[in-house]
Amino acid sequence: MSSAFDDFELKGHKLENRFVVAPMTRTSADKKGKPTELMGDYYERFAKGGWGVVITEGIYTDQQASQGYENQPGLTDAPQTDAWKEVVERVHKHDCLFIAQLMHAGAQMQHNEYTDEPIAPSAVKPKGEPLSLYGESDGWKEPKAMGETEFDAAMQGIIGAVNRAKEAGFDGIELHAANGYLLNEFLSDHFNQREDQWGGGMAKRLKFVEMVVKAAKSAVDDDFIVGIRVGQITVTDPDYQWPEGEDGMIRIVKGLKEAGVDYIHTTDTSVDRKPFKDGSNNTLAEVVQDFSDIPVIVNGGIDESNYEHIAAHYENGLLAIGKKALANPDLPHRLKKGETIEDLDFAMLQPIATLENEWKWRDEHDKHVK
């Protein structure tokens with residue numbers, strides 16, 4: 001049996017295997033950001049399917065500038081928190097660890113119920129065009145460069161969401177510092193062109209992220225997991241790399257370790273991609289493994305053909321899977337039993353990647369199979 005099915009301990013929580021459902025945007029909450037019963041069905045089916053950990057889609061953190069997509073779920077008030085409690089209870093019935101990914105959209109704001117003005121480290125638009133997969137948009141707006149008021153609001157929102165995630169019963173949170181959202185924008189020399197304490201070399205660009213991690217850790221008990229997702233690429237710029245190359249990632253890993261993070265979730269287009277301009281042959285996950293003892297969650301192109309190799313290569317790692325998880329919500333059970341693994345049909349996510357459209361596709365697919 002592959003080591004992917006070995007027990008794994010994460011911050012005192014014992015997992016029955018090393019399979020993780022990667023966070024995936026589904027834009028299926030109600031207009032007020034409350035999770036729906038259909039979202040409960042969605043997350044519970046993964047728990048039933050044998051996954052050790054499920055990480056939610058990105059959850060917005062304040063009723064100001066953090067929301068990025070229409071019908072995105074939030075953790076900003078009591079109604080949203082109470083609705084999440086019901087989803088958490090359903091997932092926990094199946095002995096599955098449930099982690100809330102907390103996301104501030106930053107410059108990548110396609111829709112926001114509370115404001116028309118995005119914020120970012122600097123007044124710089126994202127590259128490319130907004131993703132129609134998550135709703136129609138007229139294009140990126142130029143964000144407002146953050147001042148003291150925006151820094152305070154972002155920090156207070158994130159820590160408030162950390163506390164509400166704890167109240168809702170989640171086992172931990174994951175700070176979203178990848179894919180071009182706000183925390184990731186601080187790490188980027190494209191978005192972060194500041195000349196003050198928050199901008200410049202990687203040590204300065206990392207400073208706000210470190211502060212958020214430390215504040216989140218201080219807000220919760222020791223048994224509550226505080227992880228972070230880190231990557232270079234963005235949702236509309238798959239080629240972006242830090243100018244510091246591998247040294248930049250080493251600095252990030254050491255800074256996050258000092259800040260007390262419980263795991264680092266790395267993401268790139270492929271676990272085999274060599275992502276650094278300086279010629280390094282390491283992946284982001286390998287840097288975490290080589291320069292710290294922090295557990296790593298590896299993400300990017302993991303499937304039935306390579307999961308055994310990846311599990312063996314990352315001894316202190318978990319395996320986060322997205323596309324194959326959508327196609328096979330019971331993937332761990334199927335792999336263990338040697339059953340057929342389906343490929344993802346992207347028609348499932350058209351015209352918008354909502355759960356309603358997925359369920360319609362599944363109904364039609366089941367009729368066709370019968």
Side-chain angles (χ1 to χ4, degrees), residues 1-11 13-24 46 49-55 97 99 174 177-179 225 227-233 238 241-242 245-257 261-328 331-338 341 343-344:
M1 183 65 67
S2 168
S3 63
F5 291 96
D6 290 347
D7 292 346
F8 192 94
E9 187 170 303
L10 181 62
K11 190 62 176 178
H13 299 266
K14 186 177 181 180
L15 312 178
E16 293 185 359
N17 60 55
R18 297 163 62 190
F19 291 102
V20 178
V21 176
M24 292 174 278
F46 291 122
W51 298 82
V53 183
V54 174
I55 305 175
L97 204 70
I99 294 176
E174 176 176 284
N179 301 106
I225 298 166
I228 192 167
R229 194 178 207 211
V230 176
Q232 300 184 95
I233 61 176
Q241 297 179 8
W242 298 307
E246 183 182 18
D247 286 343
M249 184 61 180
I250 294 171
R251 178 65 185 84
I252 289 171
V253 170
K254 291 182 176 179
L256 293 176
K257 177 179 173 61
V261 78
D262 295 316
Y263 72 76
I264 297 176
H265 181 177
T266 60
T267 177
D268 256 305
T269 53
S270 170
V271 291
D272 298 321
R273 181 179 182 226
K274 306 306 178 186
F276 297 112
K277 290 179 179 178
D278 58 8
S280 166
N281 287 323
N282 285 327
T283 63
L284 297 178
E286 285 171 335
V287 175
V288 178
Q289 182 164 262
D290 291 346
F291 290 91
S292 78
D293 56 358
I294 303 171
V296 61
I297 300 181
V298 189
N299 174 250
I302 301 174
D303 60 23
E304 68 275 18
S305 70
N306 61 14
Y307 79 95
E308 293 177 305
H309 166 73
I310 294 166
H313 185 64
Y314 296 99
E315 295 181 358
N316 196 28
L318 298 168
L319 283 59
I321 301 173
K323 295 182 182 68
K324 287 290 183 174
L326 283 182
N328 308 270
L331 181 66
H333 288 335
R334 292 190 180 208
L335 290 173
K336 200 168 189 178
K337 297 175 183 177
I341 307 300
D343 291 328
L344 177 64

Check whether any side-chain N or O of Asp7 sits under 3.5 Å from a backbone N or O of Lys14 as a donor-acceptor pair, and report yes or no.
no
Quick check: does any side chain N or O of Asn328 sit under 3.5 Å from a backbone N or O of Ile341, one acting as donor and the other as acceptor?
no
Asp303: side-chain contact (heavy atoms from CB on, under 4.5 Å) partners, not counting sequence neighbours:
Ser305, Asn306, Lys324
Kindly write out the residues that satisfy side-chain contact (heavy atoms from CB on, under 4.5 Å) with Gln289, not counting sequence neighbours, or none if the list is empty.
Tyr314
Distance (rounded to the nearest 0.5 Å) between [X] [atom1] and [Y] [atom2]:
X: Ile297; Y: Asn316; atom1: CD1; atom2: CG; answer: 11.0 Å
X: Met249; Y: Leu256; atom1: CE; atom2: CG; answer: 8.0 Å
X: Ser3; Y: Arg18; atom1: OG; atom2: CZ; answer: 4.5 Å
X: Leu335; Y: Ile321; atom1: CG; atom2: CD1; answer: 7.0 Å
X: Lys336; Y: Phe19; atom1: NZ; atom2: CZ; answer: 9.5 Å
X: His309; Y: Ile302; atom1: NE2; atom2: CD1; answer: 10.5 Å

Under the side-chain contact (heavy atoms from CB on, under 4.5 Å) test against Glu246, which residue among Thr283, Asn281, Asn282 passes?
Asn282
Which atoms form the tightest heavy-atom contact between [X] and [Y], and what is the distance?
X: Gly50; Y: Asn17; answer: O-ND2, 2.7 Å
X: Ala320; Y: His265; answer: CB-NE2, 3.7 Å
X: Glu174; Y: Pro23; answer: OE2-CG, 4.0 Å
X: Asp262; Y: Leu10; answer: O-CD1, 4.2 Å
X: Pro295; Y: Phe8; answer: CB-CZ, 4.4 Å

ring-ring contact (aromatic ring centres under 6.0 Å, His included) filter on Tyr263, not counting sequence neighbours, yields none
With a 4.5 Å cut-off on side-chain heavy atoms, are [Y] and [X] touching?
X: Ile225; Y: Leu97; value: yes
X: Gln232; Y: Phe276; value: yes
X: Val298; Y: Leu319; value: no
X: Val296; Y: Thr266; value: yes
X: Leu15; Y: Leu318; value: yes

Should the pair Phe46 and Trp51 be assigned to parallel (<30°), tilted (30 to 60°) or perpendicular (>60°) ring geometry?
perpendicular
Is it true that atom CD of Glu9 has more than 12 heavy atoms of other residues, nucleotides or ligands lying nearer than 6.0 Å?
yes
Please identify each residue that fulfils salt bridge (charged side-chain N to carboxylate O under 4.0 Å, His left out) with Glu16, with sequence neighbours left out.
none
Salt bridge (charged side-chain N to carboxylate O under 4.0 Å, His left out): which pairs involve residues 281-297, sequence neighbours left out?
Lys257-Asp293
side-chain contact (heavy atoms from CB on, under 4.5 Å) between Ile294 and Val261, worked out
CA-CA 8 Å; Ile294 303 171; Val261 78; 4.0 Å; yes
Under the rule for side-chain hydrogen bond (donor to acceptor under 3.5 Å, both in side chains), what residues qualify as partners of Asn179, not counting sequence neighbours?
Arg229
